[in-house]
Each structure stands twice: as structure tokens, then as C-alpha cells.
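First the structure, in the form of C-alpha cells, and then the observations on it.
All residue numbers refer to positions in the sequence shown, counting from 1.
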Amino acid sequence: MRHLISPLDLSVEELDDILELGKKVMEHPENYSHVCEGKKLATLFYEPSTRTRLSFETAMLNLGGKVLGFSSADSSSAAKGESVADTIRVISSYADICAMRHPKEGAPTVASMYSEIPVVNAGDGGHNHPTQTLTDLFTIKTLMGRLDHMTVGMCGDLKFGRTVHSLINAMVRYPGVRFVLISPKELRIPDYLRAEILDAERIDYIETDQLEKYMPDLDILYMTRVQRERFFNEEDYIRLKDSFILDASKMQYAKEKMYVLHPLPRVNEISTEVDNDPRAVYFKQAKFGVYVRMALIMILLGLDKEVR
Ligand code: CP
């Protein structure tokens, strides 16, 4: 039985395999509409979500399976003090696979230790969000035709943004990827990521607080929201929340083929005037999330072989 807690749980070959299956699903969804008949997905969301929970549910429904779950800690017995370990023991007898989002880093790892079904981390605190990474990689590969030899700008809250941490972990494994990490000083990437991944693996990167200056270099611009819910101090959030706002005037500095991604939800960091720019692909990215989650569910349930 496999779990997916971090993007590093997957080898590059396995990542490529999921993306390949996701592409087949996108091209011929009708071929996969019965693969999960008789199977159930539980979505255990202790923290708010729109895309991740609903794209997981859409993915399972598209595969002919069923879904159950809760969308907030308040509507589950967590509100009465039940532990994640006890919850997953019970859910293991109700469902065949589960996706869990939790505000505490490591909660899905704990669940995987007590689970009898595959556990997918759907976002744990400021730590990891591996299925968003699959979505991001699928988007980049589909639009650019490759995942190597490119300059990726990441802009906004690089400290608390778990999608940034997961995407860096995944993309450093492809050759020739260079990062431009754009954030206020207070919201730079965590030290462990800089020391243990970027420096240890001699990755080409720079840290800056200047978006316009580096725009012409970028092949991908990955914008992120400042994560209000992870701040200890509201004053700091208010001071930092509008540090970077991508608008049409800044897009003039970008390459004709630079793509703007964002895991969403967006707050102020991308002006709505950018939405109609053909380089703005964040809504397409959210749609792609369904295809990769369909591929992942099939692979974790061992149902992919018969439909390849
Ligand atoms: N990208 C993402 O995780 O969105 P949600 O918080 O809406 O699930």
C-alpha cells in the first residue's frame, strides 16, 4: 500500500508516470469512467478548501466511484477531541482511499501510520501539498512540453506557502531548472529548504524583493497569496499582504511565452486585468488538477494497469 505525503515519496519516473496517465485521461476521459466503480474516496478536510477537496471528489466521481467526508474540523468528531489516528482507523473501514488536509504539519504522516487505506496529503500546515505539485507540474509540462531547463520565478509568501515548498522539492530533480525567489525579506523560503535542498544540491537560485527586474528572465511565474492564517500577528500580515501585485503594466516586462501560475485562491496579488492575458493560466491549472488526481487515485488503488 502506498501513501502520498510529500512529492519526494515519488521518484522522477513515478512522477512522470502520473503526468503521462493524466495526459491520457485529459485526452480520453471516457476511457476511465468506470475504473473506480465500487470504490470510495473519503475527503477528511480539517481546514478550508475549494479546489483540492472538490477536484478530488470530481476525480473520483469521473472514475465511477463514490465520495464521502467532511469539510471542516467543526463538523467532525475532531471538535469533540478525537485524534487523527482514531479517525483514520475508523475511516479505513468506510473508504478505499482518503485525502486529508490538516492545519498541523505532519498530521497526514500520522494518519498514514494508522491507516489501512492509502492516505494522500491534501495540504498540511505550511509544509507540503503534493497533489498541488502534481497539478503544477502537469500544467508546466502540458504548456511548455518539458520540465527541465527553465527559469521559474516564485513570488509572494515563500515562507508559509506549502505549494512553493513542494514545487521546489519536485523541480530541483529536473536538470537546468533555475529559481528566482521573489518575496519580502520576512517571507523568504524556510532555512531548511535553502540549506538542505537548494544549497545541498547546488541549485542555481537567487533571492530578491524585485519582481520587475527579473520578469524578462522568467519562463514561469508562480504567484502566491500571503497566507494570513499562518501569521501570528495581524499587523505583520497587513504590512506584507500587498507586497507584490501582478498587473498588466508588469506583464509588459515578461516574455511572450511566460506563463503565470497560481495555486489559488487569489486575494490581491494578481489584478483581475491579467486574467484575460493568454499567459495567465491559473484557471486552466485548477482544471488540470482533476486529471492528475484521477491518475493518482487509479495508481494508488492499483487500478491503472488494466486501463493504460
Ligand atoms: N490550491 C489549493 O489548495 O486550493 P484550495 O485551498 O481551494 O484547496
Side-chain angles (χ1 to χ4, degrees), residues 1-7 9 36 38-63 65-135 157 159-163 165-166 190 225-234 236-237 263-265 267 286 289-290 293-294 296-297 300-301:
M1 185 175 62
R2 290 283 305 264
H3 305 287
L4 178 60
I5 305 299
S6 149
D9 293 343
C36 284
K39 300 291 181 191
K40 293 189 218 91
L41 163 78
T43 50
L44 313 181
F45 276 58
Y46 295 82
E47 206 184 49
S49 167
T50 295
R51 274 147 296 276
T52 311
R53 187 171 67 83
L54 296 181
S55 65
F56 259 115
E57 296 191 357
T58 304
M60 191 49 143
L61 294 171
N62 287 351
L63 291 166
K66 292 193 165 66
V67 297
L68 64 154
F70 52 83
S71 58
S72 72
D74 287 351
S75 63
S76 78
S77 283
K80 301 178 216 161
E82 185 170 55
S83 68
V84 162
D86 283 0
T87 301
I88 195 67
R89 280 189 176 112
V90 173
I91 299 298
S92 291
S93 61
Y94 296 167
D96 301 283
I97 182 168
C98 96
M100 175 182 284
R101 170 169 291 189
H102 203 288
K104 284 200 181 133
E105 284 92 352
T109 306
V110 172
S112 70
M113 290 157 57
Y114 294 90
S115 181
E116 290 170 23
I117 58 174
V119 174
V120 181
N121 178 4
D124 62 329
H127 195 216
N128 265 315
H129 193 347
T131 62
Q132 181 64 48
T133 303
L134 292 174
T135 303
D157 184 350
K159 178 179 181 181
F160 296 117
R162 59 193 172 200
T163 63
H165 308 158
S166 284
R225 168 180 74 92
V226 175
Q227 308 254 311
R228 178 181 207 156
E229 64 275 31
R230 317 239 181 262
F231 275 73
F232 292 113
N233 179 334
E234 182 72 3
D236 286 346
Y237 169 73
L264 304 179
V267 186
V290 175
R293 289 184 175 101
M294 286 171 72
L296 179 68
I297 290 169
L300 291 180
L301 289 177

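Between the side chain of D157 and the backbone N or O of Q227 there is at least one donor-acceptor pair closer than 3.5 Å. H127 places no side-chain N or O within donor-acceptor distance of the main-chain N or O of G106, the cut-off being under 3.5 Å. Listed for the D9 side chain is a donor-acceptor partner under 3.5 Å among the backbone atoms of I5. Distance alone, capped at 3.5 Å, is enough to place a donor-acceptor pair between the S112 side chain and the T109 backbone. In terms of modelled atom types and a separation under 3.5 Å, the side chain of S83 and the main chain of D86 share a donor-acceptor contact. For R2 (side chain) and P118 (main-chain N/O), no donor-acceptor pair under 3.5 Å exists by modelled atom type. In this structure, the side chain of R162 does not engage the main chain of E105 through any donor-acceptor pair within 3.5 Å. When atom types are taken as modelled, the side chain of S76 and the backbone of A73 share a donor-acceptor pair closer than 3.5 angstrom.
Closest heavy-atom contact between P263 and T163: CG-OG1, 3.6 Å. The two atoms that bring R293 and F56 nearest to each other are NE-CE1, 3.5 Å, heavy atoms only. Annotation for A111 and V84: closest pair CB-CG1, 3.7 Å, computed over non-hydrogen atoms. Across every non-hydrogen atom of V290 and A59, the tightest pair is O-CB, 3.9 Å. The two atoms that bring L68 and A95 nearest to each other are CD2-CB, 4.1 Å, heavy atoms only. Scanning all heavy atoms of the two residues, the minimum distance from V267 to R225 falls at CG2-CD, 3.4 Å.
I297 has its side chain within reach of C36: a pair of non-hydrogen atoms, C-beta onward, lies under 4.5 Å apart. Taking the side chain as every heavy atom from C-beta outward, L44 and I88 approach each other to under 4.5 Å. Looking at P130 and S6, their side chains never come closer than 4.5 Å, going by heavy atoms from C-beta outward. Inter-residue side-chain proximity for H165 and P190 is flagged as met; some heavy-atom pair is nearer than 4.5 Å. Residues L134 and L4 are in side-chain contact: their nearest non-hydrogen atoms beyond the backbone lie under 4.5 Å apart.
Summarising the local packing, OH of Y114 is surrounded by 12 or fewer heavy atoms from other residues, nucleotides or ligands at distances under 6.0 Å. Within 6.0 Å of atom CD in E116, 12 or fewer heavy atoms from other residues, nucleotides or ligands are found, so the atom counts as exposed in its surroundings.
Put simply, OG on S115 and NE2 on H3 are 5.5 Å apart, with the number rounded to the nearest 0.5 Å. Rounded to the nearest 0.5 Å, atoms CZ (R51) and CG (L264) are 5.0 Å apart. In this structure, CG on L54 lies 8.5 Å from CZ on F45, to the nearest 0.5 angstrom. Separating the OH atom in Y237 from the CD atom in E229 is a distance of 8.5 Å, to the nearest 0.5 Å. In this structure, CG in D96 is found 12.0 Å from CG in L300, a value given to the nearest 0.5 Å. Here I117 contributes atom CD1 and K40 contributes atom NZ; the two are 10.0 Å apart, rounded to the nearest 0.5 Å.
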Query raised in the report: Which is it for R53 and S71 under the side-chain contact (heavy atoms from CB on, under 4.5 Å) test, yes or no, and what are the steps along the way?
Result: CA-CA 8 Å; R53 187 171 67 83; S71 58; 3.5 Å; yes
Query raised in the report: Are E234 and R228 close enough, and set up right, to give a salt bridge (Lys or Arg N to Asp or Glu O under 4.0 Å), and what steps lead you there?
Result: CA-CA 8 Å; E234 182 72 3; R228 178 181 207 156; 2.5 Å; yes
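Paired with T52 under the rule side-chain hydrogen bond (donor to acceptor under 3.5 Å, both in side chains), one option of E57, E47, R101 passes, and it is R101.
Ring pair H102/Y46 is tilted by interplanar angle, where 30° to 60° counts as tilted.
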